[in-house]
**Student:** 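Just passing along the structure, written as structure tokens.
Proteins come first, then strands; the chains are lettered A, B, ... in the order of their sequence lines, and each starts at number 1.
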Amino acid sequence: MFEITAGKSALRLNRPLMGASGAFGFAGEYSKLIDLSLLGALVTNPISLKPRRAANSTRVVPLDSGVLIHTGLPNGGIHKMHRQYAARWRTSPIPIVMHLIGSAEDLAECATFLDQQSEIASIELGINDTLTAREVRTVVATVRARTQLPLLAKLPLYQAVNVAAAAADGGADALVVAAPPRGTARDPLSGQLVGGRLYGTWLKPLAVRLVGQLAPRVGVPIIGCGGIHHPDDVRDFFEAGAKAVQLDSVVWVRPDMVAAIANALSGAELTRAAGALADEWRPYGETAERRTPLIVAPPPPFVPPPPEI
Amino acid sequence: MFEITAGKSALRLNRPLMGASGAFGFAGEYSKLIDLSLLGALVTNPISLKPRRAANSTRVVPLDSGVLIHTGLPNGGIHKMHRQYAARWRTSPIPIVMHLIGSAEDLAECATFLDQQSEIASIELGINDTLTAREVRTVVATVRARTQLPLLAKLPLYQAVNVAAAAADGGADALVVAAPPRGTARDPLSGQLVGGRLYGTWLKPLAVRLVGQLAPRVGVPIIGCGGIHHPDDVRDFFEAGAKAVQLDSVVWVRPDMVAAIANALSGAELTRAAGALADEWRPYGETAERRTPLIVAPPPPFVPPPPEI
Amino acid sequence: MAHGQAIIERIRRVSAGIQRLELAVEPAQQIIGGGQFFLVRTTGTYDPYLREAWLPVGLRDGAVIVERPTRYEYAPNQVIDVLGPIGKPFPLRDSTRALLLIAYEATPAIFLLMAQSALARRAAVTLVLIGQACRYPLEALPSAFEVTRAEYHETWHERQQQIAWADQIFAVAPPPYDVPAYLRLLEDVQRIRHAMSADLLYGIFQPPMPCGVGACQACLVRLHNGEEVPACVDGIAFDLTRVNLLQNLPDSTGV
Amino acid sequence: MAHGQAIIERIRRVSAGIQRLELAVEPAQQIIGGGQFFLVRTTGTYDPYLREAWLPVGLRDGAVIVERPTRYEYAPNQVIDVLGPIGKPFPLRDSTRALLLIAYEATPAIFLLMAQSALARRAAVTLVLIGQACRYPLEALPSAFEVTRAEYHETWHERQQQIAWADQIFAVAPPPYDVPAYLRLLEDVQRIRHAMSADLLYGIFQPPMPCGVGACQACLVRLHNGEEVPACVDGIAFDLTRVNLLQNLPDSTGV
Ligand SMILES: Cc1cc2nc3c(=O)[nH]c(=O)nc-3n(C[C@H](O)[C@H](O)[C@H](O)COP(=O)(O)OP(=O)(O)OC[C@H]3O[C@@H](n4cnc5c(N)ncnc54)[C@H](O)[C@@H]3O)c2cc1C
Ligand SMILES: Cc1cc2nc3c(=O)[nH]c(=O)nc-3n(C[C@H](O)[C@H](O)[C@H](O)COP(=O)(O)OP(=O)(O)OC[C@H]3O[C@@H](n4cnc5c(N)ncnc54)[C@H](O)[C@@H]3O)c2cc1C
Ligand SMILES: Cc1cc2nc3c(=O)[nH]c(=O)nc-3n(C[C@H](O)[C@H](O)[C@H](O)COP(=O)(O)O)c2cc1C
Ligand SMILES: Cc1cc2nc3c(=O)[nH]c(=O)nc-3n(C[C@H](O)[C@H](O)[C@H](O)COP(=O)(O)O)c2cc1C
Ligand code: FES
Ligand code: FES
């Protein structure tokens, strides 16, 4: 049980594992593929006060490592989204955290609205990467003043070290480190350079370092996020000081990894079922397993195969 | 011809292409493999005022994308390094840029020394990623006051947007955007989490975005650096606003790409020699070529093979 | 919709450029309609990161037959990672007696499963291949198809009659040429068929699909009613009279 | 030292766990001494990013024979990207009549090329296999070798005589076990051979090598004289009396 308390309210997670904003949708989009109750909580895709249209051209640029995605954060605005999803959120087996984006005023209005609703267990603020530490403090404090709900602040990767203390001072009950950074790449369809957020396994070492830098310094729990694709990655975040983690793009590329990671977190031992074929045994990841650690220099230790029977 | 001028002195590059600090060594380490005269200039590995030992344990951690490397920036100190390499720098076919690291005072002392020497065409300052904009301005200005040499400032990835103007104000004649970021990963040999710089193809979209943000804003030329592995990558940096680029880890993984990129930059047409076998024709990269742009959604356009003869 | 492993049981070359693979898929993935497809990972690494779209062209004894270019190499018994079926089956009406299929610069493979149902119901099927699609090998198509070829939409001379004749029309073009192609086609169909019934003309939208389940919002198609719907859930075919084609045109915002 | 493409001409399985590949390499790469090796890329992508070390075990008509575990799959005619030879040949003295080779938990393959020269000069070669190295198949070794096996350094009972007998000793252990293994061996050799001549005892240092040319400074070995030298240029064998073994012990600094 992982708990984030805020005065009388609390966000209680059966497992220190969350689905990250932007990856899992607004509610049960993944429920046919994944037992979402394996997660401790689900963070919705970003929601704003007013409706946002999809970016004029949606951009998905496959990169040599990972992918660039720009959506424009389309959503119908908090009131429409609430009408549309409230029933599903209410019956969700796990707590729902609403990810909010916008100006301080917009966020405050959203928070005031959510404080009257019962479906949402917590708010996660998407901290814009152009804000100074002082502005981050103001944004968080403004929202904090309007809601009793536990408040998470998701920090931009580059600015995480600069704004973490400000977010905690402003009243965030936990910090999510970090949101995927923005980048620029050439869209193969249009031939243009386009901007968007970047996802991939390479994010992990960047985010783990930030968690390691921030965990000893800030007084609130840190939730690690970025590039987690394997139970071992979660171990690295915890060792660096995270108290929980969020999964993001791994759910697109290996939905089965969500259960594998959740089970590893609960200490469930995963062994190959007696009689299972090699390719049926995939506790976490024979088909996209991490490479054997290393090896550029000779000589390899001699690791013989199991004796022939 | 790409030129960076500083008062009466100038760094003149036959091609807007440099070997980045940390990748190419201190002088001719790559001369058996690469025609270094194809580069516009070579930046030395980092040099400090006083000697620095190799990190207590050198760390190379292969990652799911790229590699983490921590060396501790070993070098014998500027005076010993100068004695050791001056003859080779003097006979170098291309200008040598010395990459300097250290405190403002150390850097000033190094610059004062170099201003008396003739082997070095320019100084590149490695800007520490813990410095504030104000401190960056002071460091650059302190060095600027001691040398007539053209001065490049290599900015840390995360802080590039925050400190670029300060570096230019302090007197940098060009900005290198950006140095590889630090990260944390588990060393397969020790089983420990270790820190180091991160290299790989994924760096490119991060760096291209920064170049695109900074080029219109700062009054000095921007030299793009990060993740370049292919002539197309150089095109992206130029389109984003860079006036020159630095190659780094590509030289380790595909030394032949250095010539391929240099030739592409001079407009040299690379065609397969008449009679060459398919595997002998590698103008830039049949063995580690970028993937066909994209493809996640159906249906693929039908691209039939050339007719059988 | 399921996520599982499949085994490549058979590989057959049907032309110099095309091979067909028989996949032993999970039971839940054996029920697949024309227009639905799989998102597949063949590598044991995250390079490439996103899945490839594999198009079913036939079904046989629980195996699904997909079509792939021969430039990709596969091995019998290779185990692959399969997500799907993605999307909805094409809305082929029971009453459709004349089916017009148009491939602009794209493989017509996505049509083959639906066309088999149509032929089985004794519908007449006309396939129009435009541009590079002309090079799709005839031997890979059912012999009952009538095939028309043209270099450009404008030089498809039979389009007046063929559009007038059809009960339903489906067109495929790869992005970013899809919207321009569908705009021209829609204009022609509106001109030729004055009173266009709903369910007459469908265009296929095939943006890259990171998730395939409607979660990532990367594949949204904008409709006239203001809705933005994921092609991976509500597509991949959309009634072109419902789609706000102009709003789906890519813009060219830079860095 | 060159960078070129090689063709895998032949693949032979020499035991259940080992295969040997005959590589047609560039002319400049055909001159390779025992102890030198290649850094190889086999993939067409940058995954994995760093090259693999491939160990030559023989030469034949311009082809270089390397040894690889059978768990990796290669195809005849496969074209690979080869950098090398890396490092210096092992300093085998002409006068060496008794050569002692020790493999701690590592394949002894790195010794085979040098051992062939030694045998050709009628030297006696003793190979000591310790730990997992014991499972290296005898049939992959020249029959002229005398082979000793032990589970640990401490249970290598012949070490007193074998160390006393040798004119030169070479030991290999994989990092991070190399330094601890060499410390124990050096202690034994110093005890047994009182006045140790230079060029008697060599340890192999095999850190990961990003560049292989001395540029990236990732493979430095610390010597007693204060120098830090790249294993990829000055190694991979170092006279253990010159190496500051304690300073080469990994530390455990965290995040
Ligand atoms: C003195 C001494 C003490 C030791 N003590 C211990 C101990 O206490 N605990 C312990 O676990 N082990 C110990 N070892 C080593 C151990 O027995 C094995 O060598 C080691 O565990 C390798 O097995 P692995 O499968 O875990 O690692 P691997 O995945 O095999 O990787 C370990 C090493 O193997 C190399 N390698 C792996 N695959 C390849 C390849 N395909 N090509 C090239 N190189 C490759 C890498 O360089 C890496 O350094 C010791 C060895 C020595 C000499
Ligand atoms: C109305 C119309 C107008 C057009 N106008 C132009 C024009 O002006 N200029 C022009 O260049 N082309 C035009 N085209 C399309 C063009 O003729 C080709 O379809 C296109 O160039 C593809 O070839 P390629 O090799 O360049 O790209 P490819 O590398 O083949 O990639 C292009 C598309 O192919 C898909 N693709 C590639 N490989 C695979 C695979 N293995 N599996 C699945 N999908 C794959 C991708 O989705 C991508 O969208 C037009 C098409 C239409 C319908
Ligand atoms: C608070 C905030 C957060 C944003 N985060 C994202 C994001 O996660 N992904 C994304 O694709 N775009 C993001 N954007 C950028 C918007 O998508 C982009 O500005 C929009 O497409 C431009 O149109 P608009 O500003 O007129 O809505 C964000 C914008 C704001 C204001
Ligand atoms: C200005 C400066 C720049 C640095 N840049 C790098 C670098 O590029 N790569 C690296 O591995 N370490 C870098 N470091 C970190 C040092 O390697 C690390 O602090 C050192 O190993 C710790 O020992 P020391 O500070 O006692 O020398 C840098 C340190 C300083 C002061
Ligand atoms: S692919 Fe993610 S919403 Fe359609
Ligand atoms: S591998 Fe780069 S210096 Fe040795």
**Student:** Please determine whether the number of non-hydrogen atoms from other residues, nucleotides or ligands lying under 6.0 Å from atom CG of C/Asp61 exceeds 12.
**Tutor:** no
**Student:** For the residue pair A/Pro255 and C/Arg51, what are the closest heavy atoms and their distance?
**Tutor:** CD-NH2, 3.8 Å
**Student:** What closest approach, in Å, do A/Tyr30 and C/Ala215 show between heavy atoms, and which atom pair accounts for it?
**Tutor:** CE1-CB, 3.6 Å
**Student:** Return the OH to NE2 distance between C/Tyr49 and A/His229, rounded to the nearest 0.5 Å.
**Tutor:** 2.5 Å
**Student:** Do A/Leu33 and C/Leu83 touch side chain to side chain, with heavy atoms closer than 4.5 Å?
**Tutor:** yes
**Student:** To check you understand the geometry: which heavy-atom pair defines the closest contact between C/Ala218 and A/Val60, and what is its length?
**Tutor:** CB-CG2, 3.6 Å
**Student:** Around atom OH of C/Tyr152, are there more than 12 heavy atoms of other residues, nucleotides or ligands at under 6.0 Å?
**Tutor:** no
**Student:** Please confirm whether the backbone N or O of A/Pro74 pairs with a side-chain atom of C/Gln217, one donor and one acceptor, at under 3.5 Å?
**Tutor:** yes
**Student:** Do A/Val67 and C/Pro210 touch side chain to side chain, with heavy atoms closer than 4.5 Å?
**Tutor:** no
**Student:** Hey, mind stepping through A/Lys32 and C/Val213 against side chain to side chain contact (heavy atoms under 4.5 Å, CB included) and telling me if it holds?
**Tutor:** CA-CA 9 Å; A/Lys32 275 189 204 155; C/Val213 304; over 6 Å; no
**Student:** Kindly check if the number of other-residue, nucleotide or ligand heavy atoms within 6.0 Å of CD (C/Glu73) is above 12?
**Tutor:** no
**Student:** Just wondering, are more than 12 heavy atoms of other shown residues or ligands nearer than 6.0 Å to CD in C/Glu151?
**Tutor:** no
**Student:** How many angstroms lie between SG in C/Cys216 and CG in A/Asp248, if you round to the nearest 0.5 Å?
**Tutor:** 12.0 Å
**Student:** Once you round to the nearest 0.5 Å, how far does NE2 of C/His3 lie from CG of A/Asp256?
**Tutor:** 4.5 Å
**Student:** Less than 4.5 Å to any heavy atom of chain A: does that hold for the side chain of C/Glu228, its backbone, both, or neither?
**Tutor:** side chain
